[in-house]
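Input: a single structure, listed below in structure tokens.
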Amino acid sequence: MAIQSVGVIGAGQMGNGIAHVFALAGYDVVIQDVNPQAVEKALSLIDRNLERQVSRDKISAQDKAAALTRISSATDPAQVGRCDLVIEAATENEAVKIKIFEALLPHLKPATILASNTSSISITRLAGRTDRPERFIGVHFMNPVPVMQLVELIRGIATDDATYDALVEVVARLGKTVATAEDFPAFIVNRILVPMINEAVYALHEGVGDIRSIDESMKLGANHPMGPLELADFIGLDTCLSIMNVLHEGLGDTKYRPCPLLAKYVAAGWLGRKSGRGFYDYGGDTPVPTR
């Protein structure tokens with residue numbers, strides 16, 4: 001199951017990062033999104049991020065040029081379907097992901113491996129909506145993809161050994177490290193990380209501390225590189241809420257109940273960095289707490 005070409009569906013924060021690392025590792029990449037402007041923005045961002053790596057002597061200018069020649073864009077699922085591996089990197093919404101797979105299936109080669117970059121949703125359930133559950137796997141990259149070294153691989157109940165082994169080889173070629181997670185809600189990283197963020201939101205909601213105090217406490221008291229509320233803004237508050245909902249519904253434990261304040265921010269459209277406002281306001285030179 002030699003993989004040479006990779007399709008990436010979704011040109012957002014995760015999709016452009018995934019396309020970046022695959023192209024840099026020598027794979028031919030097709031990036032597709034329903035919004036052509038999103039693809040244009042992703043290609044521009046990949047160019048800038050590669051240039052940043054060049055300026056830091058992480059890669060050579062020749063590496064950058066070669067990577068860019070390997071990336072092409074598409075608006076039609078048929079162009080993605082010709083790839084050996086297709087990774088869905090859309091929003092963390094099960095209905096959206098299923099719709100993408102259903103549109104893609106008629107265009108896939110019989111041997112194509114399907115993967116989802118979901119950070120919380122059941123791989124078994126997603127695979128069951130396709131024609132190839134044995135060749136379906138969860139491939140959860142961390143954000144930002146070019147920087148973070150971990151990739152969670154999650155097998156659904158039907159995922160075969162050949163598919164898993166092929167993705168282990170792919171991750172090694174990307175220069176990253178595999179953590180194998182069972183198909184439980186939110187897997188390993190987000191099972192631990194997002195409830196911590198949710199608890200920080202509860203601390204804010206209950207008046208235990210203000211935004212800056214909570215973040216500074218965890219940075220200076222627990223040696224975290226980012227405070228939990230700052231990190232929530234970086235991830236996206238809508239994504240955090242979606243993961244908490246998956247945990248709450250999937251595990252049925254009240255300790256995973258999303259904080260009402262988190263839900264309120266999402267309802268207001270305060271999603272973090274990507275919307276310009278979350279727990280911090282990013283409209284000026286320096287982020288300012290919104291509460």
Side-chain angles (χ1 to χ4, degrees), residues 3-33 37-74 80 83-92 115-119 137-154 166-179 181 187-190 193-194 224-226 230-236 239-240 272-274 282:
I3 294 171
Q4 296 179 323
S5 57
V6 180
V8 180
I9 301 179
Q13 191 173 43
M14 296 303 296
N16 76 67
I18 292 169
H20 173 139
V21 297
F22 271 98
L24 197 56
Y27 293 93
D28 293 323
V29 179
V30 180
I31 184 167
Q32 186 252 328
D33 196 286
Q37 291 181 333
V39 175
E40 291 178 14
K41 183 178 178 181
L43 294 175
S44 176
L45 188 58
I46 291 168
D47 191 326
R48 292 202 304 272
N49 287 338
L50 285 168
E51 184 58 37
R52 183 179 294 113
Q53 288 180 298
V54 172
S55 68
R56 295 175 179 175
D57 294 324
K58 301 290 186 182
I59 63 173
S60 68
Q62 291 76 18
D63 292 333
K64 174 193 171 181
L68 289 175
T69 64
R70 297 187 190 106
I71 304 175
S72 60
S73 62
V80 179
C83 296
D84 302 320
L85 168 66
V86 177
I87 302 173
E88 169 274 314
T91 186
E92 193 66 359
S116 176
N117 184 57
T118 178
S119 55
I137 191 167
V139 184
H140 179 212
F141 288 86
M142 305 295 129
N143 186 34
V145 180
V147 175
M148 302 298 282
Q149 290 301 301
L150 186 73
V151 179
E152 286 182 316
L153 292 184
I154 308 99
L167 266 297
V168 168
E169 290 182 14
V170 165
V171 174
R173 182 170 163 183
L174 296 179
K176 298 187 182 295
T177 300
V178 166
F187 319 128
I188 296 172
V189 173
N190 284 331
L193 176 64
V194 180
H224 289 194
M226 297 174 72
E230 181 185 7
L231 180 57
D233 276 359
F234 182 76
I235 294 170
T239 299
C240 292
R273 286 182 176 270
K274 62 186 174 184
Y282 299 92

Which heavy atom in [X] sits nearest to a heavy atom in [Y], and how many Å separate them?
X: Val80; Y: Gly7; answer: CG1-CA, 3.8 Å
X: Pro146; Y: Gly17; answer: CD-CA, 4.2 Å
X: Tyr282; Y: Gly272; answer: CE1-C, 4.1 Å
X: Met142; Y: Leu150; answer: CG-O, 3.4 Å
X: Ala23; Y: Val29; answer: N-CG2, 3.7 Å
X: Phe234; Y: Gln13; answer: O-OE1, 3.9 Å

Can any side-chain N or O of [X] pair as donor or acceptor with the backbone N or O of [Y] at less than 3.5 Å?
X: Ser5; Y: Asp84; result: yes
X: Asp33; Y: Ala11; result: yes
X: Asn190; Y: Ser119; result: yes
X: Glu152; Y: Val189; result: yes
X: Arg173; Y: Ala25; result: yes
X: Thr69; Y: Ala66; result: yes

Using a strict cut-off of less than 4.0 Å between a Lys/Arg side-chain nitrogen and an Asp/Glu carboxylate oxygen, indicate whether Asp47 and Lys64 qualify as a salt bridge.
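Yes, this pair counts.
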Chi angles and distances behind the side-chain hydrogen bond (donor to acceptor under 3.5 Å, both in side chains) call for Gln53, His20:
CA-CA 11 Å; Gln53 288 180 298; His20 173 139; 2.8 Å; yes
Consider side chain to side chain contact (heavy atoms under 4.5 Å, CB included). Of [options], which one does [X] pass it with?
X: Val151; options: Asn117, Val139, Val21; answer: Val139
X: Met14; options: Val145, Val8, Thr239; answer: Val145
X: Ile71; options: Leu24, Ile46, Val30, Asn16; answer: Ile46

Apply side-chain hydrogen bond (donor to acceptor under 3.5 Å, both in side chains) to residues Glu88 and Ser116 and explain how you reach the verdict.
CA-CA 5 Å; Glu88 169 274 314; Ser116 176; 2.5 Å; yes
Interatomic spacing from [atom1] in [X] to [atom2] in [Y] - rounded to 0.5 Å:
X: Asp63; Y: Lys58; atom1: CG; atom2: NZ; answer: 13.5 Å
X: Glu51; Y: Leu68; atom1: CD; atom2: CG; answer: 9.5 Å
X: Leu193; Y: Ile235; atom1: CG; atom2: CD1; answer: 5.0 Å

Step-by-step side-chain contact (heavy atoms from CB on, under 4.5 Å) determination, Val6 to Val86
CA-CA 6 Å; Val6 180; Val86 177; over 6 Å; no
Please determine whether side-chain contact (heavy atoms from CB on, under 4.5 Å) holds for the pair Phe141 and Met148, giving the CA-CA distance in whole Å, both sets of side-chain angles, and the decisive distance to 0.1 Å.
CA-CA 8 Å; Phe141 288 86; Met148 302 298 282; over 6 Å; no
Test side-chain contact (heavy atoms from CB on, under 4.5 Å) applied to Thr177 and Val171, step by step:
CA-CA 7 Å; Thr177 300; Val171 174; 5.9 Å; no
Apply side-chain hydrogen bond (donor to acceptor under 3.5 Å, both in side chains) to the pair Gln4 and Asp28, showing each step before the final yes or no.
CA-CA 6 Å; Gln4 296 179 323; Asp28 293 323; over 6 Å; no
Heavy-atom count check: over 12 atoms from other residues, nucleotides or ligands less than 6.0 Å from Lys41 NZ?
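12 or below, so no.
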Got more than 12 heavy atoms from elsewhere within 6.0 Å of CD, Gln37?
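Not more than 12 within 6.0 Å, no.
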Ring pair (Phe, Tyr, Trp, His ring centres under 6.0 Å) against Phe22, all qualifying residues, sequence neighbours excluded
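Only Tyr27 meet the ring pair (Phe, Tyr, Trp, His ring centres under 6.0 Å) criterion with Phe22.
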Determine, stepwise, if the pair Ser60 / Val54 fulfils side-chain contact (heavy atoms from CB on, under 4.5 Å).
CA-CA 6 Å; Ser60 68; Val54 172; over 6 Å; no
Thr118 vs Glu92, side-chain hydrogen bond (donor to acceptor under 3.5 Å, both in side chains): CA-CA, chis, key distance, verdict
CA-CA 6 Å; Thr118 178; Glu92 193 66 359; 2.7 Å; yes
